[in-house]
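Notes follow the structure.
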Amino acid sequence: MGFANLHGNKNLGPLTENRPLGSTSFLGRYGLMDFTLSNFSNSGIDKVGILIETQPRSIMKHLGSTNVFNNNTKLGFEQVLYNEKNANNPLYNHDLNNLKANDWLILDHKPDVVVIAPIDLLYTLDFRPIIKQHLESKEPITLVITKVKNAKTQFLLADAVTLSQGRITNMIQNQGTKDDLDISLDTYVISKPFLNQLMDMGPKISATFGIKEILRYLLNQESQSFMAHRFTGYVRPFDSLENYFENSMAFLDYGFRNKFFTDDWPIYTVSHNTAPARFGPASLVKNSMIANGAKIFGTVINSIISRNVVVEAGATIKNSIVFTDSKIGKDVMIQRVIIDKYVRVEKTKLLVGKDIPLFIKQGENI
Amino acid sequence: MEKEFVAMLLAGGKGTRLETLTKKIAKPAVSFGGKYRIIDFPLSNCANSGIDTVGVLTQYESILLNTYIGNGEKWGLNGIHSLTATLPPRQTEEGNVWYRGTADAIYQNIDFLDNLKPSYVLILSGDHIYRMNYQLMLEAHKQAKADLTVAVINVEKKEASRFGIMTVNEENLVVQFEEKPTSPSSTLASMGIYIFNYKDLRQALMADAKDESSEHDFGKNIIPTLLKQKKRLLAYPFKGYWRDVGTIDSLWEANMDLIDHNDAKSLLLNDDLKLFTEDTRSLPQYLGEHAKVKNSLVNQGAVIFGTVDHSVVFHDVVIEEGATVNDSVIMPGAVIKSGVTLSRVIVSPNMKVEKSAQGGTNIMLVQP
């Protein structure tokens, strides 16, 4: 069984003010959690719980009624798990409590091993070899880690681990003091008895401890050590608005796009039945992604345009991301801007972002 | 299960005039409009008209079509009260026979219809591009207390001899019907969309099946017979975009209409008559650094590095840098290599095009 973990997601500023990271739009087509859910699907994990911290509505809407992630639609499922009791209490609304509150799912399906993976990472990861290694080792838990070469600026909010003879002996938050670090990807393969142990032990040590905190405690305070699996593929965190922007723009490099998206590892998502994109007589589009339903009459350069966006004649969009159902009016010029959904930019003729992209909130009419 | 209004969709035809496009797939499964297959149009119309029971009669090269239709999920026709059934010819106690005509196809599935006990049966063809609310047609049928209602459209005089042509009185009741007349007496053409009272349809089909001289065709046999029997035949005028895309030229033209023709553009509107189709799980569409795309429809999954003007580009098409595509339809998965210039062509699905091609007065099909 797999668990997609939406607890402890970072705040991407205004982008995640009214939606969880999991259903935040990416590349005009995906929700961020599609990557983890597809990793499960492609690894043959068809039974998946989705541990939600807040805003279940947005997650349900993204998942839709059809089961696009499962191979067998009867045997497989994406079960949304929400901790109602602690939903309004941030201190206790963590993944371990959510798992406890929804332990019926585990009791029902009796998995020997569960995989818990976050949804705030951009990666394609095959869990099968990790599960295989885990089972052969008979260890209680395997943590997936990766080597980071620029940890002073990246993965700043993630945990750095210390390795001794290939085992993890220590785990603390990346302080940004060193570039070369082994970073925990918050991705765990856990044997069922150890998961039970964690659920029992957690509240006794501290009721505020989630999985990450209790693992830190066991490593740092009780001198335990855990097995590590080193992931060597491409991985980037979604931990700030800038990172979201950079992670998106990376896909405008066609070579990178083709390396990331491979035929044997499809990323599934919910379809919206929108017509092909329409390009007008004077449209000019370069190095960009255009989603279906979009109508392009103006100029789009180095940008990502989502579903049903209208770019009117004379409008110019550069280095920007425009979300679903927004409209960029006549002769408007935008550069390095993230435009949220249902925005109309008509009266303001110039919008320019700096280092941090300018963000226009959902539904604004400017 | 009892249903007031059910649809039977005739999708068995080969579409010979579409050349190799229908070599391995039936005409209703031919790609259209950057994203769709022809059969998406009548099936989406059914869904949008609140029809939840559809029998799809397949025969020619039916594997892809049967798989595509599946349980009707792509059009939402798989709900609790819905039924989508693919009905290819089958072996029965009486033996096994191919569908010998449009009427025979329905006749051979009379047991299917009997089980549903419908009051009205809508007969559709899987070959046409249009949006229509069949529920409004049923209202007209009921109001006129008709035995059969035929949807009609005004065509140009020179085109009229390609169609079944109706002459109507002031109440829109059909007084004369001619199948593909050499000198047509009107320009009201049958669209091949019929609503029958089921008991009348059943009776007519039973009689037709016994008639050895009959070709078992709705246009040639059933409708003329009903007229002779003085049944009430209502002509239901349709205003809007409707095309039979039976030839390479007309298929190309209808694709181009989605770019140029205002009525055709409305086919793709995202409103109460929404078009449904399969989800191809394609990647986001990508346009490269030197791409030039104008006046075109381009689907998700297409990758364009070259120049595209006035064309329809389907999913998973790659147009390399230095390739130029004008006035053309590029079907799914085709690759247009660098240096190739295409104009007035339809490129078959999954073709790798390494040589330039140019259609003349007639559109050229670039085929394997």
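Letters A, B, ... mirror the listed sequences (proteins, then strands); counts begin at 1.
- Heavy atoms of R29(A) lying under 4.5 Å from chain B belong exclusively to its side chain.
- If you measure heavy-atom distances from K35(B) to chain A, the contacts under 4.5 Å come from both the backbone and the side chain.
- Heavy-atom distances place both the backbone and the side chain of L283(B) under 4.5 Å from chain A.
- A salt bridge does not link E346(A) to K330(A): none of the charged nitrogens lies less than 4.0 Å from a carboxylate oxygen.
- N299(B) and N292(A) share a side-chain donor-acceptor pair at under 3.5 Å.
- The most heavy-atom pairs under 4.5 Å with chain A, out of G34(B), G33(B), S282(B), come from S282(B).
- There is no contact between S44(B) and chain A, counting heavy-atom distances below 4.5 Å.
- Counting all heavy atoms, side chain and backbone alike, S288(A) lies closest to V285(A) at CB-CG1, 3.8 Å.
- When heavy atoms are compared at a cutoff of 4.5 Å, A277(A) approaches chain B by way of both its backbone and its side chain.
- Salt bridge status for D325(A) with R307(A): absent, with no side-chain N to carboxylate O gap under 4.0 Å.
- For chain A, the option among E278(B), K274(B), E289(B) with the highest count of heavy-atom pairs below 4.5 Å is E289(B).
- Here F261(A) and F251(A) bring their ring centres to under 6.0 angstrom of each other.
- Figure legend: K74(B) and Y68(B) shown as a cation-pi pair, the cationic atom lying under 6.0 angstrom from the six-membered ring centre and within 45 degrees of its axis.
- Between F41(B) and H128(B), a ring centre-to-centre spacing not shorter than 6.0 Å is recorded.
- Most heavy-atom pairs under 4.5 Å with chain A, from the set K265(B), H290(B), K292(B): that is K265(B).
- In this view, N350(B) satisfies the side-chain hydrogen bond (donor to acceptor under 3.5 Å, both in side chains) rule with no residue, not counting sequence neighbours.
- For the set G301(B), A291(B), S296(B), A302(B), the count of heavy-atom pairs under 4.5 angstrom toward chain A peaks at S296(B).
- Using modelled atom types and a 3.5 Å distance limit, the side chains of D34(A) and H62(A) yield a donor-acceptor pair.
- Inter-residue side-chain proximity for F238(A) and F26(A) is flagged as met; some heavy-atom pair is nearer than 4.5 Å.
- Distance check, rounded to the nearest 0.5 Å: CG of D40(B) to OG of S31(B) gives 9.5 Å.
- Contact of P281(A) with chain B is made through backbone and side chain together, with heavy-atom distances under 4.5 Å.
- Of the atoms belonging to Y268(A), it is side-chain heavy atoms, and not backbone ones, that fall under 4.5 Å from chain B.
- Between chain B and the residues T274(A), L27(A), L284(A), the most heavy-atom pairs under 4.5 angstrom are made by T274(A).
- Proximity to chain A among residues 304-332 of chain B is limited to F305(B), judged by heavy-atom separations below 4.5 angstrom.
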Subject >> ring-ring contact (aromatic ring centres under 6.0 Å, His included) evaluation trace for Y234(A) with F256(A) >> reply: CA-CA 10 Å; Y234(A) 181 87; F256(A) 170 72; 4.7 Å; yes
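- F297(A) does not touch chain B: none of its heavy atoms, backbone or side chain, sits under 4.5 Å away.
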